[in-house]
Student: 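Submitted below is the structure of interest, expressed as structure tokens.
Just so it is clear: chains get the letters A, B, ... in the order the sequence lines come, proteins before strands, and each one is counted from 1.
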Amino acid sequence: MSKVSVMEKYLPYILIAPSLAYLLFFIGYPLAQGLYLAFTENGAFSLENIEYLLNSPFSKFWEALTDTFLLVLVIIPIQVAIALGLAMLFNMKFWGRNTALYLVILPLTISDVAAGLIWYSMLSTNGFFNKLLMNIGLIKEPIYFFGYEYRPMEFLAIVLTEVWRATAIVFVILFAGLQMISQDHIEAAEVFGANVWQRLRYIVFPMLKPSLQAALIIRTLFAFQIFGVVWVLAGRDIPVLAGEAYYEQVQLRHTGVAAIYALIIAAISVTIGYIYIKLFRAQYLEEGG
Amino acid sequence: MRLHSGISKTVGIAIAIIIIVIIIGVAVYMMQQQQKPTSIIWASTQLNPPEEQAFVKGTLLKEFKDETGINVEFVALSYDDLATRLQAEEEAGKVTISLIGELHGGLDYFASKGWLEDLSKFGSLPGRTFPKVLEDYSKLYGIKAYIPWMTATYVMVVNKEAFKYLPEGLTEEDVIKGTSKWTYDAFLAWAKKLYEETGGPKVGFPAGPNGLFVRFLHGYLYPAFTGAQVKYFDSDDAVKMWQYLKELWKYVHPSSTTWDAMADPLLKGEVWIAWDHTARIKDAITSEPDKFVVVPVPAGPKGRGFILVIAGLAIPKNAPNEEAAWKLIEYLTRPETQVKVLENVGFFPTVQEASAKVTSGPLKILAEGVNNQLSTPDALVALIPSLGAKGGDFKNIYITAFQRIVLNNEDIKTVLGQLAPELNKLFQETGAPLPPPDSKS
């Protein structure tokens, strides 16, 4: 047993040790702490927090769960569709393309709360949008976007803000993916008589899949953490999971309940990530092979 | 080279030793210097945000030290931390805190435990008059438990434009002075008239998730309609109150459920009449002092209920340097000091002489409004109950009642019937006394 083979035996472990330590410290420790907070009461195991979460008349868990999923289901498809359209548009060459590119990406630099505040002041009863419509005589009374009675409008405002703010990240990833597709493939397809749709269907989409996967994972995971925008635009009229976690902790001091919310968001994120990877991987491997 | 290194070694060591000796000497000297003046610890749950602490340490305590030579260490604590520390110190008989700055509720609890010194032994504070309400509340369990230090409250702000739409029988004077005609019914009529004649709701409340609307429910409407905050939570009077609020809500700006503070909606002109904490409307008044007036809240059938947040200064039993602590109390209650506190951190004076010394325009508008509210003859002062960590659950009960009754249109009696046991449970679990005015009636 020479030194070399011992070294070889342990080298992989040594190499992954830093990452492992990182994961243990930044993921493992908070996770254990979260579980402890969620399932103990005065040091003993307890389901009191779960009981409160699911059954208390003061808990808005079910509403928050439905509303979060609803927001994700509405926002993500719109974002992907717009981003894909934009990416294909920008993949062509036209005058002023670079300037337009910067303008499209600009909202990415704005924080979610700031974006929420911008849209709040635009859509409020005395805001720009209502003033404009009233001045050109389209409406006589302002359109109400905010308030418990106008929850559908609040929902719309949240979708608008999120689409404006976060479509850019999807766009950037898809655009980068599109640019990596070699023009040769498309030209070859053209030579064989493939029309526009066929070129998209059989050349562009399959080759865009890795980018699409990355974009979807990033956007969906962030969408489940949606909080700032909702908080600014709708308060707790439209409860969301992250917002309820914040409210339970800061306003009600129910640390255990807040921890459960955080764990639920984490569980959803892991599940969704897993589904995406499963969904996209099979064909991706075929391509490689 | 050799010469150089030889000298440098010996000389180097010598220099190093000399420097070390000098440093130690200076440090010892400075520590002795620092130990010379009297030093006391002032533990406070108030003025804890960084900018407020900077004002306390950089301005208030610096001037106090220049004047008296007493060094004060300001320790910012949460209520829970203060209670734990005080309990430990009192039980061990080794008290380090000389002065406590806390809200009435907490001091009430400390006094009930016998942890506070009777301040009447220090005599009176000449040249300052405390309103009767404050004098009465600061006497607890047979002792003068604390000296009223600062107050805060919630008031109404009216855009002067709204006075053009006053309902019949109500004058501007009635509203500003808080006469018997300034009632919740008159308020409803005004809100309705504003809605109809300006083409939209002009009344707003901070009913967002971080807003303080809940204080309006338990500390204003409940006392005004039922005479108590908690006691008659599901009484017939309470049902009438909720019916009133449902009616009023028709003329309240619907975006209220998203507002956390009223300064912005007031400045943008979205609402003309708003209710909020003085600190949260200060911005509107300082930006446009000519546009707004601060007025007392309306009165209900049982009186003009409003919350007074009272912060007091108390000396723990067996505290070190009691005399120095009393000197600090004397300094903090001087009218000049109190005006400085108002100007810098927005808490209101507790001594009447201070109000006269407020000179700057916007603050005067606020101070006058607060003073008018305090001196209305039908004033029914409510104090926030001290439930510690359960304070959030207390608020949540009233907010839930509001959401279900007013926003979701559920049956009033059913909702109140379901929530009342939860409310009683809170007070039983914590053992907290019912807050005034409940405890008086």
Student: Give a yes or no on whether Glu141(A) atom CD has more than 12 heavy-atom contacts from other residues, nucleotides or ligands under 6.0 Å away.
Tutor: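 Check fails, neighbour count at 12 or below.
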Student: Can you check whether anything in residues 45-61 of chain A gets within less than 4.5 Å of chain B, heavy-atom wise, and list it by number?
Tutor: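 The stretch touches chain B at Tyr52(A), Pro57(A), Phe58(A), Lys60(A).
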Student: Side chain from CB out, backbone as N, CA, C, O: work out which of these in Gln418(B) comes under 4.5 Å of a heavy atom of chain A, or both, or neither.
Tutor: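 The answer is neither part of Gln418(B).
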Student: Going by residue number, which parts of residues 247-275 of chain A are within reach of chain B, meaning a heavy-atom gap below 4.5 Å?
Tutor: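 If one takes a 4.5 Å heavy-atom cut-off, the residues of residues 247-275 of chain A near chain B are Tyr247(A), Gln251(A), Leu252(A), Arg253(A), His254(A).
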Student: Less than 4.5 Å to any heavy atom of chain A: does that hold for the side chain of Thr400(B), its backbone, both, or neither?
Tutor: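 Only the side chain of Thr400(B) comes within 4.5 Å of chain A.
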Student: Using heavy-atom distances under 4.5 Å, tell me whether Phe145(A) contacts chain B through its side chain, its backbone, both, or neither.
Tutor: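 For Phe145(A), there is no contact with chain B at all, as no heavy atom is under 4.5 Å.
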Student: Based on non-hydrogen pairs under 4.5 Å, which of Tyr150(A), Tyr246(A), Tyr144(A) is most in contact with chain B?
Tutor: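 Maximum pair count with chain B is reached by Tyr144(A).
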Student: So does Lys164(B) have more than 12 non-hydrogen atoms from other groups sitting under 6.0 Å from NZ?
Tutor: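 No, NZ of Lys164(B) has 12 or fewer neighbouring heavy atoms, counting only those of other groups under 6.0 Å.
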Student: For Phe163(B), I'd like to know if atom CZ has over 12 heavy atoms of other residues, nucleotides or ligands within 6.0 Å.
Tutor: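 Yes - once you tally the heavy atoms of other residues, nucleotides and ligands closer than 6.0 Å, there are more than 12.
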Student: Between Lys395(B) and chain A, with a heavy-atom cut-off of 4.5 Å, which part of the residue counts as in contact: side chain, backbone, both or neither?
Tutor: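 Only the side chain of Lys395(B) comes within 4.5 Å of chain A.
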Student: Could you list which of residues 206-221 of chain B have a heavy atom closer than 4.5 Å to any heavy atom of chain A, in residue-number order?
Tutor: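 Counting heavy atoms that sit under 4.5 Å from chain A, the residues of residues 206-221 of chain B involved are Pro209(B), Asn210(B).
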Student: Should the heavy atoms of other residues, nucleotides or ligands under 6.0 Å from NZ of Lys192(B) be counted, would the total exceed 12?
Tutor: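 No, not enclosed.
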Student: So, does Thr257(B) use its side chain to make a donor-acceptor pair with the main chain of Tyr148(A) at under 3.5 Å?
Tutor: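 The answer is yes, because a donor-acceptor pair under 3.5 Å joins these two groups.
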Student: Where on Asn126(A) is there a heavy atom nearer than 4.5 Å to chain B: the side chain, the backbone, both, or neither?
Tutor: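 Interface part for Asn126(A): both.
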Student: Given that the side chain runs from C-beta out, which part of Ile397(B) has a heavy atom under 4.5 Å from chain A: side chain, backbone, both or neither?
Tutor: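 When you check distances to chain A, atoms from both the backbone and side chain of Ile397(B) fall under 4.5 Å.
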Student: Only counting residues at least two apart or in another chain, list the ones meeting side chain to side chain donor-acceptor pair (under 3.5 Å) with Glu244(A).
Tutor: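 For Glu244(A) the side chain to side chain donor-acceptor pair (under 3.5 Å) partners, ignoring immediate neighbours, are Arg236(A).
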Student: What's the separation between atom OG in Ser255(B) and atom CD in Glu154(A), rounded to the nearest 0.5 Å?
Tutor: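 Spacing of OG (Ser255(B)) from CD (Glu154(A)) equals 8.0 Å.
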